[in-house]
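Working notes for the structure below.
Reminder, nothing fancy here: chain letters follow the sequence lines and each chain counts from 1. The model shown is predicted, which means the values in this text are computed figures rather than measured ones.
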Amino acid sequence: MDKDATLTLRGFEIYKGFLQSAEQTRMVSDLREVMKLAPPFSPQTSYGKPMSVRMTSAGRYGWYSDQTGYRYTRTHPSGPDWPAIPESVMQVWQTVSGVSRVPDCCLINFYGEGARMGMHQDKDEADFRWPVVSISLGDDGLFRIGNNERGGKTESIWLSSGDVVVMGGDARLTYHGVDRIRFGSSALLPKGGRVNLTLRVVD
DNA sequence: CAGTGTCT
DNA sequence: ACAT
């Protein structure tokens with residue numbers, strides 16, 4: 001694993017090719033075990049439209065959305081606690097986060113063909129001093145970075161399998177999103193698509 | 001407003 | 001990019 005960010009864009013530290021192929025394969029295998037215990041679902045937004053990504057979580061908390069709004073929950077919507085965050089994922093946080101505290105939540109987002117994520121802030125956590133760490137697996141995704149308020153100019157970068165992004169400091173509350181997926185661009189996932197993991201300290 | 005549609 |  002590398003230690004220095006490949007580049008920094010608007011305060012987002014981007015580690016290109018952070019995970020080797022074998023590490024990515026191992027992580028996907030670990031995530032399949034998580035999915036057996038916590039099947040992915042498509043959350044509803046408060047606006048009434050479902051998100052195009054499918055998601056699940058691991059850790060003490062999972063991120064959830066319905067007509068009531070966004071929140072962290074202690075359990076999967078079907079009832080059980082969220083599974084533990086895999087060690088392979090924890091190792092990435094330990095190496096790049098720069099903090100000794102362990103993350104509470106690993107949100108697992110699945111982007112199929114045509115899926116995207118609108119521009120948003122990560123602001124459902126209690127303390128924004130903790131960074132957010134993002135891991136990309138599978139197909140390339142066009143990641144867009146905006147500003148600390150809605151609107152204004154944005155910059156985009158393609159993230160590919162094995163890339164890691166750290167959002168901390170001034171970038172912690174920066175708007176960001178995913179505009180599109182190059183479906184089938186990676187062979188990591190047999191059925192194609194992109195998986196993004198986001199690690200957070202919730203409380 | 002973590003979505004979607006429309007226009008530049 | 002921006003209105004909603």
Donor-acceptor pair, side chain of A:Asn147 and main chain of A:Gly151, under 3.5 angstrom:
yes
What is the distance, to the nearest angstrom, from the [atom1] atom on [X] to the [atom2] atom on [N]?
X        : N     : atom1 : atom2 : answer
A:Ile145 : C:dA1 : CD1   : P     : 13 Å
A:Tyr175 : C:dA1 : OH    : P     : 15 Å
A:Glu149 : B:dC1 : CD    : C1'   : 14 Å

Could you tell me the Watson-Crick or G-U partner of B:dT8, where both distances fall under 3.5 Å? Say none if there is no partner.
none
For the pair A:Tyr61 and A:Tyr72, name the ring-plane relationship: parallel under 30°, tilted 30 to 60°, perpendicular over 60°.
perpendicular
Between A:Arg54 and A:Asn109, is a side chain to side chain donor-acceptor pair (under 3.5 Å) present by the stated rule, with each step listed?
CA-CA 6 Å; A:Arg54 292 202 308 147; A:Asn109 282 324; over 6 Å; no
Output all residues satisfying side-chain hydrogen bond (donor to acceptor under 3.5 Å, both in side chains) with A:Asp139, sequence neighbours left out; order by chain, then residue number.
none
Between A:Phe110 and A:Phe41, is the gap from one ring center to the other below 6.0 Å?
no
NA contact type, [X], heavy-atom cut-off 4.0 Å: base, sugar-phosphate, or nothing?
X        : answer
A:Gly152 : sugar-phosphate
A:Arg200 : base
A:Asn196 : nothing

List, by chain and number, the other hydrophobic cluster members for A:Leu142, where Ile, Leu, Val, Met, Phe, Trp and Tyr join if side-chain heavy atoms come within less than 4.5 Å, directly or indirectly.
A:Trp158
Could you list the protein-to-nucleotides 3-5 of chain B atom pairs, N/O on both sides, closer than 3.5 Å?
| from | atom 1 | to | atom 2 | distance (Å) |
| --- | --- | --- | --- | --- |
| B:dG3 | OP2 | A:Gly118 | N | 2.2 |
| B:dG3 | N2 | A:Tyr47 | OH | 3.4 |

Considering only the P atoms, how many Å lie between B:dG5 and B:dC1, rounded to the nearest integer?
14 Å
